[in-house]
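Keep in mind that this is a model prediction, so the values were computed, not measured. A, B, ... follow the sequence lines: proteins, then strands. Residue 1 opens every chain. Note: hydrogens, waters and symmetry copies are ignored here, and every other heavy atom, side chains too, is used.
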Amino acid sequence: MKGPRGTQDLLPGVTEKWQYVEDKLKNLSMRYNYQEIRTPIFEHTELFQRGVGDTTDIVQKEMYTFTDKGDRSITLRPEGTASVVRSFVQHKLFGLPSQPTKLFYIGPMFRYERPQQGRMRQFVQYGVEALGSEDPAIDAEVMALALEAYKQLGLKSLKLVINSLGDIDSRNAHRQALIEHFSSVKEELCGDCQGRLEKNPLRILDCKKDRNHPSMQTAPSILEYLNDYSRNYFEQVKRYLDVMGISYVVDQNLVRGLDYYNHTAFEIMSDAEGFGAITTLSGGGRYNGLVSDLGGPETPGIGFALSIERLLMALEAENISLPIKESIDCYVIALGEEANLKAAAIVQQLRQQGIQVDKDYQNKKMKAQFKAADRLQAKFVLVLGEDELAKNEVAVKEMETGNQENIKLDVLTDYLISKL
RNA sequence: GCGGUCGUGGUGAAGUGGUUAACACAUCGGAUUGUGGUUCCGACAUACGUGGGUUCGAUCCCCACCGGUCGCCCCA
């Protein structure tokens, strides 16, 4: 038996890394005052069709959709924002006194795709959403948080790429201009781009094959199509980033794959070697129309999401090891039946005092028990044989130094606590 | 969804159309009858992804499927 394609089991040895990273992310959220929200991992299919966009690849070909026993169309969530916004609307969080509403989430997402390293069918995203503010400062805050998520773990090869998609009208005007511009040379473009022309003309601009086609140089830029408000908003966002000491690159070709984005769009990429086709660590942007699209009041929003899998890949690419505790406080070695009984009692007592302790459960000989203790990197080994038993004490050996002394059982806990 | 490539014990990794499928690491035992990490010796292992086909005979050749991986599409 194997697990389904594109899924993975996280086993001891790596779950520790996940716990560490998740813990850091939760702490980071608190520092920026984002509170956790937990939404279901499945939703009505319609939510994603309306929220993410009916024409997007995610909705058209990547959703895990099924009909439940009540004949409802259900979809395993492919991303987090739609659910968070749905919940925001359903529970009328816009009515709470403290606005904007700043939320974070962490959990599995599902997309039916051809798996590759860094691209699972079930993967885990951490993301934040700030709803109810159209202040460029909060755009900058979200980007700052996104970068800090990586920096606090020691990552260095990071690049923040930003763009403005403008409002809906600017976007559509630009799109139309692109279609007209490239239509005249359609036959000269690669097959992919011919398909992109109607579907997503913006993507033509960063095609790897047609990069040197002369029409690229003269293609209309989104920035020319921004109206005054959009242009000014983008300028303000950049000013905030500057003031906060955050460096970035403007890429007019940056496109996001979900329909709900407008104005600010950004991605964080890794420069590290050996990252292959996957270079985007996280992405996000503003979605001012989404809340009202999903039945709420006109409410601006911005957010971003990162994948834990890719974050861990980036750590590996930069050779960063996380400070994970691998040792155990104490290991009890018992010799003989009587000693084993007593050992169980001692183990129980020490654990109740908060000391991390384990013992042998395979009837191993002393030498093998010592090896087990070594493997666990036990700081102290307690040896309990007939001699010790008779004297109501236990031999305590500090493994690093090899020093050993006999300790009376009634002061054992205090002794260990003072040493640990 | 498209194209390339790969799939041998717990792990890494040889190899062959034909009797017992190397080797290394790990594991276990012994040298050392109650004290670990080294060394030496020995032992163990549900191993040729699955299903068909070709063949007297397939781990090896062919096909399909499954899974990994790389690239494309797209994305986190």
| note | Correct closest heavy-atom pair for I179(A) and P201(A) would be CG1-CG, 3.8 Å

| query | Considering only the C1' atoms, how many Å lie between rA22(B) and rU8(B), rounded to the nearest integer? | reply | 11 Å

| What interatomic distance, in whole Å, is found between P of rC25(B) and the corresponding atom of rU39(B)? | 10 Å

| query | Within the structure, does a side-chain N or O atom of R196(A) lie under 4.0 Å from either OP1 or OP2 of rC73(B)? | reply | yes

| query | Just by distance, do the side chain of D167(A) and the backbone of D169(A) share a donor-acceptor pair under 3.5 Å? | reply | yes

| Should the heavy atoms of other residues, nucleotides or ligands under 6.0 Å from CG of N403(A) be counted, would the total exceed 12? | yes

| Looking for any heavy atom pair under 4.0 Å, which part of the strands does Q369(A) touch: base, sugar-phosphate only, or nothing? | nothing

| Just how far, in rounded Å, is P of rG1(B) from OH of Y64(A)? | 11 Å

| task | Starting at atom CG of D374(A), determine the distance to atom C1' of rG36(B), rounded to an integer number of angstrom. | result | 4 Å

| task | In whole angstrom, give the distance that lies between atom CD of Q116(A) and atom C1' of rG68(B). | result | 11 Å

| said: Any heavy-atom pair between the side chains of Y260(A) and D293(A) that's under 4.5 Å? | reply: no

| 5' priority, RNA chain B, between L335(A) and Y112(A) [closest heavy atom] | Y112(A)

| Looking at Y361(A), is K359(A) sitting on its ring face, NZ or CZ under 6.0 Å from the six-membered ring centre and within 45 degrees of the normal? | yes

Between the protein and nucleotides 28-32 of chain B, list the N/O to N/O atom pairs that are separated by less than 3.5 angstrom.
unit_1  : atom_1 : unit_2  : atom_2 : d
rC28(B) : OP2    : R375(A) : NH2    : 3.4
rG30(B) : OP1    : K365(A) : NZ     : 2.6

| Heavy atoms from other residues, nucleotides or ligands near CG of N363(A) exceed 12 (cutoff 6.0 Å) | no

| Is there a donor N/O on one and an acceptor N/O on the other, under 3.5 Å, for the side chain of R114(A) and the base of rG3(B)? | yes

| field | Other residues, nucleotides, ligands: >12 heavy atoms within 6.0 Å of K379(A) NZ | value | yes

| request: Using the side-chain contact (heavy atoms from CB on, under 4.5 Å) rule, pick out the option among L147(A), V161(A), V142(A) that qualifies with F266(A). | output: V142(A)

| task | Could you walk me through whether K102(A) and E141(A) pass the salt bridge (Lys or Arg N to Asp or Glu O under 4.0 Å) test, one step at a time? | result | CA-CA 11 Å; K102(A) 305 208 299 184; E141(A) 174 181 286; 2.9 Å; yes

| query | Looking at the rings of Y34(A) and F104(A), which for Trp means the six-membered one, are their centres under 6.0 Å apart? | reply | no

| field | Interatomic distance at P, rG37(B) relative to rA47(B), whole Å | value | 32 Å

| task | Record whether the side chain of R111(A) comes under 3.5 Å of the base of rA76(B) through a donor-acceptor pair of N or O atoms. | result | yes

| task | For nucleotides rC60(B) and rU50(B), find the distance between their P atoms and express it as a whole number of Å. | result | 10 Å

| Is the backbone N or O of F234(A) less than 3.5 Å from a side-chain atom of S164(A), with the two atoms forming a donor-acceptor pair by type? | no

| message | Rounding to an integer number of Å, can you tell me how far Q362(A) CD sits from rU27(B) C1'? | response | 11 Å

| Interface with RNA chain B, restricted to residues 401-420 of chain A and to heavy atoms under 4.0 Å | G402(A), Q404(A)

| query | Would you find more than 12 non-hydrogen atoms of other residues, nucleotides or ligands less than 6.0 Å from F42(A) atom CZ? | reply | no

| task | Measure from the side-chain heavy atoms of P115(A) and tell me the nearest of rG68(B), rA76(B), rC74(B). | result | rG68(B)

| query | Taking atom C1' in both rG7(B) and rC65(B), what distance in whole Å separates the two? | reply | 14 Å

| Taking atom P in both rC63(B) and rU5(B), what distance in whole Å separates the two? | 11 Å

| For K2(A) and D57(A), take the nucleotide of RNA chain B holding the closest heavy atom to each; which residue's nucleotide lies nearer the 5' end? | K2(A)

| request: Determine yes or no for a side-chain-to-main-chain donor-acceptor pair under 3.5 angstrom, with E318(A) supplying the side chain and K156(A) the backbone. | output: yes

| Secondary-structure string, 5' to 3', Watson-Crick or G-U under 3.5 Å, | for another-strand partners, for RNA chain B | (((((((..(((.....[....))).(((((.......))))).....(((((..]....))))))))))))....

| request: Would you kindly check whether a donor in the side chain of Q8(A) faces an acceptor in the base of rG68(B), or vice versa, at under 3.5 angstrom? | output: no

| message | When you measure from the side-chain N and O atoms of Q117(A) to the phosphate of rC70(B), is any distance below 4.0 Å, counting only OP1 and OP2? | response | yes

